[in-house]
Amino acid sequence: MCGRFAAGRTPEELAGIFGIERWEPEETLAPDFNVAPTKEVHVVLDRPLKDARDPRPVRQLRALKWGLVPSWAKSPEGAARMINARSETLHEKPSFRRPFAQRRCIVPADGYYEWVTAHDERQLEVEGKKKRARKQPYFVLPADGSVFAMAGIYEFWRDATLPPDHPQAWWATCSVITAEAETTPLGVAPAEGPRSLSDIHPRMPLMLTPDRWDAWLDPARTDETGLRELLAPPPGGLMRAYPVSTAVSNVRNNGPELLGELEAPEEGTLF
């Protein structure tokens, strides 16, 4: 899954990477090294500019709330449960079907965090023979240090309790698409611990390689079969993972120090 990630690149950096044509200074977000559900995140999307005469889609960098609220929802209360959308069933689910066809985006990240508990320890917890063990967080990122372009979808929700001209009358929200975690060996593996991403967690964010960015963002592409082909996993061996401090487990902690690589898992944690 993807429940926490790091986004430390500036809008200027993202503009150069993705060919951004438009971004609003008031939507600039500070670097965030512990992004949690319901926070605002930068996304890349292709969409005509509001009130523009030219209908041409423009590549924009926008700030959206992480946790998708379907357009038909009566309230936004379930947003925290809609942070991820499974690639296998994306086209079927009422909450995700229309955004998948019409409103796709990229959520740029440095990488994501995932917590791991060893199998034997987990079984002892299930059997009630041991209290819940402290999990070891890992940071997962492209081995070459490039941007982690997470496939996403976005949606608009109208708050009917507010007048149309109210600044919060419309919500723009997003979800990160996930896929089965890679079972192939990591491109760069830690000295000890997991050898593949599936050893850490059975799910992972779907990473889009640069050759798929334009097709994914193109709002003119609505063919379900063609879109589902874009959900194929990238080649194996592109990722690395390393243990980081358990300080990241507390959402109040934030800063580049959270990305510091540990030589070995912290004492008292697993792996």
Side-chain angles (χ1 to χ4, degrees), residues 1-47 49-50 58-69 76 79-80 82-84 103-115 137-142 144-157 159 166-177 205 207-208 213 217 240-242 244-262:
M1 63 177 295
C2 179
R4 208 84 65 79
F5 65 90
R9 287 178 168 83
T10 66
E12 290 81 4
E13 290 176 294
L14 295 175
I17 294 170
F18 292 102
I20 302 295
E21 300 174 74
R22 180 73 172 267
W23 59 277
E24 301 296 340
E26 62 267 23
E27 291 191 4
T28 297
L29 302 176
D32 193 335
F33 299 92
N34 201 353
V35 181
T38 73
K39 278 189 172 183
E40 283 198 322
V41 298
H42 276 140
V43 307
V44 180
L45 54 86
D46 284 5
R47 184 178 178 84
L49 294 175
K50 186 177 180 181
V58 174
R59 184 152 302 176
Q60 305 173 49
L61 184 67
R62 301 293 303 274
L64 275 60
K65 187 180 290 290
W66 184 24
L68 190 137
V69 179
M82 295 281 194
I83 60 171
N84 293 159
R103 287 181 279 279
R104 297 175 301 279
C105 64
I106 290 174
V107 184
D110 300 325
Y112 72 98
Y113 301 101
E114 194 57 82
W115 285 255
Y138 280 79
F139 188 59
V140 183
L141 69 162
D144 62 3
S146 60
V147 67
F148 195 128
M150 300 189 293
I153 53 176
Y154 68 99
E155 185 58 285
F156 296 103
W157 178 77
D159 188 344
H166 193 283
Q168 296 180 343
W170 285 94
W171 288 40
T173 61
C174 64
S175 182
V176 171
I177 297 173
M207 185 178 78
L208 295 172
W213 292 353
L217 295 175
R240 68 172 300 214
Y242 59 81
V244 294
S245 168
T246 52
V248 74
S249 300
N250 188 332
V251 296
R252 291 189 293 270
N253 294 328
N254 206 318
E257 66 277 3
L258 296 178
L259 304 184
E261 181 175 358
L262 303 181

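Predicted model, so just to flag it, every value in this text is computed and none were measured.
To the nearest 0.5 Å, atoms CG (Leu259) and OH (Tyr242) are separated by 5.0 Å. Expressed to the nearest 0.5 Å, how far CZ of Arg47 lies from CZ of Arg59 amounts to 15.0 Å. Asp32 contributes atom CG, which lies 11.0 Å from atom CD of Glu40 (distance to the nearest 0.5 angstrom). Atom OG in Ser175 sits 11.5 Å away from atom CG in Leu64 (nearest 0.5 Å). Rounding to the nearest 0.5 Å places CG of Leu45 at 10.0 Å from CD1 of Ile106. One distance of note links OH of Tyr154 with CG of Leu68; it measures 11.5 Å at 0.5 Å rounding.
By the 4.5 Å heavy-atom criterion applied to side chains, Leu258 and Ser245 are not counted as neighbours. By the 4.5 Å heavy-atom criterion applied to side chains, Glu261 and Arg240 are counted as neighbours. The side-chain heavy atoms of Ile177 and Arg104, taken from C-beta on, include no pair separated by under 4.5 Å.
Scanning both residues, Phe5 and Gly111, for their nearest heavy atoms gives CB-O, 3.2 Å. Of all the heavy atoms in Arg9 and Gly145, the pair that sits closest is NH2-O, 3.1 Å.
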Step-by-step side-chain contact (heavy atoms from CB on, under 4.5 Å) determination, Phe139 to Val248
CA-CA 10 Å; Phe139 188 59; Val248 74; over 6 Å; no
Stepwise side-chain contact (heavy atoms from CB on, under 4.5 Å) check, Leu14 with Val44
CA-CA 9 Å; Leu14 295 175; Val44 180; 5.7 Å; no
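For the 3.5 Å distance criterion, the side chains of Thr173 and Trp157 fail to qualify, holding no donor opposite an acceptor.
In terms of modelled atom types and a separation under 3.5 Å, the side chain of Glu21 and the main chain of Val58 share no donor-acceptor contact. Panel note: side chain Asn254, backbone Phe33; a donor-acceptor pair is recorded below 3.5 Å. Of the possible donor and acceptor atoms, none in the side chain of Asp110 sits under 3.5 Å from a partner among the backbone N and O of Leu141. For Trp171 (side chain) and Asp159 (main-chain N/O), no donor-acceptor pair under 3.5 Å exists by modelled atom type. Remark: side-chain polar atoms of Trp66 are paired, donor with acceptor, to backbone N or O of Ile83 under 3.5 angstrom.
Between Phe148 and Tyr112, the ring planes lie perpendicular to each other; the angle is over 60°, past the 30° to 60° tilted range. By the 30° and 60° cut-offs, the orientation of the rings of Phe156 relative to Trp170 is perpendicular.
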